[in-house]
Amino acid sequence: MQRKGSSNRLSSSRISSLFLSMFATFASFYVAGRLWQESQTRVHLIKELDRITGQGKSVISVDDTLKIIACREQQKKLAALEMELSSARQEGFVSKRFADTDGAQTKRKPLVVIGIMTNFANRKKRDAVRQAWMGTGASQKKLENEKGVIARFVIGRSPNQGDSLDRNIDNENSQTNDFVILENLVEAPEEATKKAKLFFAYAADRWDAQFYAKANDNIYVNIDALGSALATHSVNPRAYIGCMKSGEVFSEPLAVGRNHKWYEPEWWKFGDKKSYFRHASGEMYVITNALARFISINRDILHAYAHDDVSAGSWFIGLDVKHIDEGKFCCSPWSSEAICSGV
């Protein structure tokens with residue numbers, strides 16, 4: 001009887017152990033399944049959060065969020081300004097008004113900046129120009145403020161920089177304050193084209209005017225007639241205005257035993273070798289703001305022929321430029337309608 005009881009107790013103990021093992025196994029499977037389900041849910045939530053907050057990027061701070069918002073606002077403003085600038089460039093200008101140097105008020109955009117090409121020996125001609133139409137001091141300021149005309153003599157430096165020629169110009173400019181001195185240009189007849197190019201580039205960078213003019217120091221300018229003519233052509237954003245011509249190309253350096261003034265070393269570039277392309281006479285011509293800026297941007301690659309007026313005409317070939325043949329720029333004898341006349 002005792003052995004039978006012992007056997008029954010042993011059998012019951014084995015059954016209990018088996019049930020406990022099965023329960024533990026099932027519990028392990030249950031817990032593992034729940035943990036796996038929880039982990040999958042967390043992965044899904046993390047992916048969704050990443051998608052919402054930045055395509056896989058980590059969550060950003062409040063400070064960073066504010067910076068991004070400010071940056072986006074600036075980008076919107078920049079995009080609007082770029083559209084406005086693009087539209088303005090197509091019309092030929094950037095703005096019709098510009099801020100005064102002290103920032104206190106705005107002033108009317110200058111009508112024209114006139115660069116008067118001169119040299120060291122022409123002091124008497126400069127004084128005659130000042131007396132005839134350009135003015136000095138208060139009268140010069142009045143011309144700028146009331147007529148919108150800024151006039152400056154344009155000159156380079158002596159081959160021997162700092163010599164008496166340079167000092168005389170510096171002294172004259174200290175008295176009159178009406179020079180554009182091109183520091184990187186050697187003043188010489190063969191540098192006339194470079195001189196005109198550097199003037200247009202300098203003037204476009206310095207003054208935001210509607211027009212820019214090149215003139216010689218041996219002509220007088222009728223300011224009222226000039227203003228009327230330019231007002232007529234202000235609707236053309238890329239206008240090239242002057243006494244247009246297509247002169248003869250001289251391929252020989254000598255004429256009747258002497259050097260030919262109009263000799264063109266690159267005569268072979270001009271088609272039939274007999275005539276130039278259409279260009280404005282060098283005594284005086286005018287270009288718009290857009291063309292002056294074109295020269296400023298491309299100053300280093302624009303080719304220089306022997307004569308500055310021919311060179312200027314060549315710079316605009318291939319551009320959408322309006323060539324305006326204005327007889328008033330032919331410097332005929334002085335009249336109420338002529339824009340310029342010879343001294």
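Just so you know, residue 1 is the first one in the sequence shown, and it goes up from there.
Listed for the Arg299 side chain is a donor-acceptor partner under 3.5 Å among the backbone atoms of Ser296. The closest donor-acceptor contact from the side chain of Asn119 to the backbone of Ile155 lies at 3.5 Å or more, if one exists at all. Judged purely by atom type and a 3.5 angstrom limit, Asp163 uses its side chain to pair as donor or acceptor with the backbone of Leu165. With Asn173 contributing its side chain and Ile169 its backbone, the two residues share no donor-acceptor pair below 3.5 Å. Judged by distance alone, with hydrogens and angles left aside, the side-chain atoms of Ser228 form no donor-acceptor pair with the main-chain N or O of Ala225 at under 3.5 Å.
Nearest approach of Gly227 to Leu111, heavy atoms of both residues: CA-CD2, 3.9 Å. The shortest non-hydrogen separation linking Ile324 to Ala239 is CD1-CB, 3.9 Å. Here the closest non-hydrogen pair linking Ala209 and Val113 is CB-CG2, 3.8 Å. For the residue pair Arg238 and Asp320, the shortest heavy atom distance occurs at NE-O, 3.0 Å. The two residues Leu302 and Lys197 have their closest heavy-atom pair at O-NZ, 3.1 Å. Smallest separation of non-hydrogen atoms from Gln210 and Ser234: OE1-CB, 4.4 Å.
Proximity of the aromatic rings of His303 and Tyr305 is defined here by a centroid distance below 6.0 angstrom, and this criterion is met.
Annotation: the span from Met284 atom CE to Lys328 atom NZ amounts to 13.0 Å, rounded to 0.5 Å. Taking NZ from Lys195 and CE from Met117, the interatomic distance works out to 6.5 Å, rounded to the nearest 0.5 Å. For the atom pair OG (Ser341) and CH2 (Trp133), the distance works out to 11.0 Å, reported to the nearest 0.5 Å. For the atom pair Ile339 CD1 and Leu230 CG, the distance stands at 6.5 Å (nearest 0.5 Å). Atoms NZ and NE2, on Lys245 and His279 in that order, are 4.5 Å from each other to the nearest 0.5 Å. If you take CG on Asn289 and NZ on Lys109, they are separated by 5.0 Å, rounding to the nearest 0.5 Å.
Between Lys214 and Asp308 a salt bridge is recorded (basic side-chain N to carboxylate O distance below 4.0 Å). Salt-bridge annotation for Lys124 and Asp127: absent, with no side-chain N of the basic residue lying under 4.0 Å from a carboxylate O of the acidic one. Between Asp217 and Arg126, none of the side-chain N atoms (NZ, or NE/NH1/NH2) sits under 4.0 Å from a carboxylate O, so this pair counts as no salt bridge. Taking a cutoff of 4.0 Å between a charged side-chain nitrogen and a carboxylate oxygen, Arg278 and Asp325 qualify as a salt bridge.
Taken together through direct or relayed side-chain contacts under 4.5 Å among Ile, Leu, Val, Met, Phe, Trp and Tyr, Ile295 and Phe199 form part of one hydrophobic cluster. Both Ile116 and Phe211 sit in one connected hydrophobic cluster of ILVMFWY residues. Membership requires side-chain heavy atoms under 4.5 Å apart, directly or through other members. Hydrophobic clustering, with ILVMFWY side chains joined whenever heavy atoms are under 4.5 angstrom apart, keeps Leu198 apart from Ile297. Residues Ile223 and Trp207 do not share a hydrophobic cluster, clusters being chains of Ile/Leu/Val/Met/Phe/Trp/Tyr side chains in contact below 4.5 Å. Follow the hydrophobic side-chain contacts under 4.5 Å out from Leu185 and you reach Tyr212 in the same cluster.
For NZ of Lys322, the number of neighbouring non-hydrogen atoms (other residues, nucleotides, ligands) closer than 6.0 Å is 12 at most.
Counting heavy atoms from C-beta outward, Leu291 and Thr288 have side chains that approach closer than 4.5 Å. A 4.5 Å side-chain heavy-atom check between Ser158 and Phe120 finds at least one atom pair inside the cut-off.
Between Ile114 and the options Val154, Ile150, Leu226, a side-chain contact (heavy atoms from CB on, under 4.5 Å) holds for only Leu226.
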| query | Going through the checks in order, is the side chain to side chain contact (heavy atoms under 4.5 Å, CB included) test met by Asp178 and Glu172? | reply | CA-CA 9 Å; Asp178 57 7; Glu172 184 179 345; 5.5 Å; no
| task | Go through the steps to decide whether Gln140 and Arg152 satisfy the test side chain to side chain contact (heavy atoms under 4.5 Å, CB included), and finish with yes or no. | result | CA-CA 10 Å; Gln140 184 184 20; Arg152 296 289 187 273; 3.2 Å; yes
| task | Kindly indicate, with the supporting measurements, whether the criterion side chain to side chain contact (heavy atoms under 4.5 Å, CB included) is fulfilled by Arg130 and Phe153. | result | CA-CA 10 Å; Arg130 292 181 181 114; Phe153 292 106; 3.6 Å; yes
| task | Take Arg293 and Ile287 through the test side chain to side chain contact (heavy atoms under 4.5 Å, CB included) and record every step on the way to the result. | result | CA-CA 10 Å; Arg293 292 189 180 279; Ile287 60 176; over 6 Å; no
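Remark: Cys243 SG to Cys331 SG, distance not under 2.5 Å.
Counting only N and O atoms by type, the side chains of Arg167 and Asn171 include no donor and acceptor under 3.5 Å apart.
Between Tyr240 and Tyr285, the ring-plane angle classifies as perpendicular under the 30° and 60° cut-offs.
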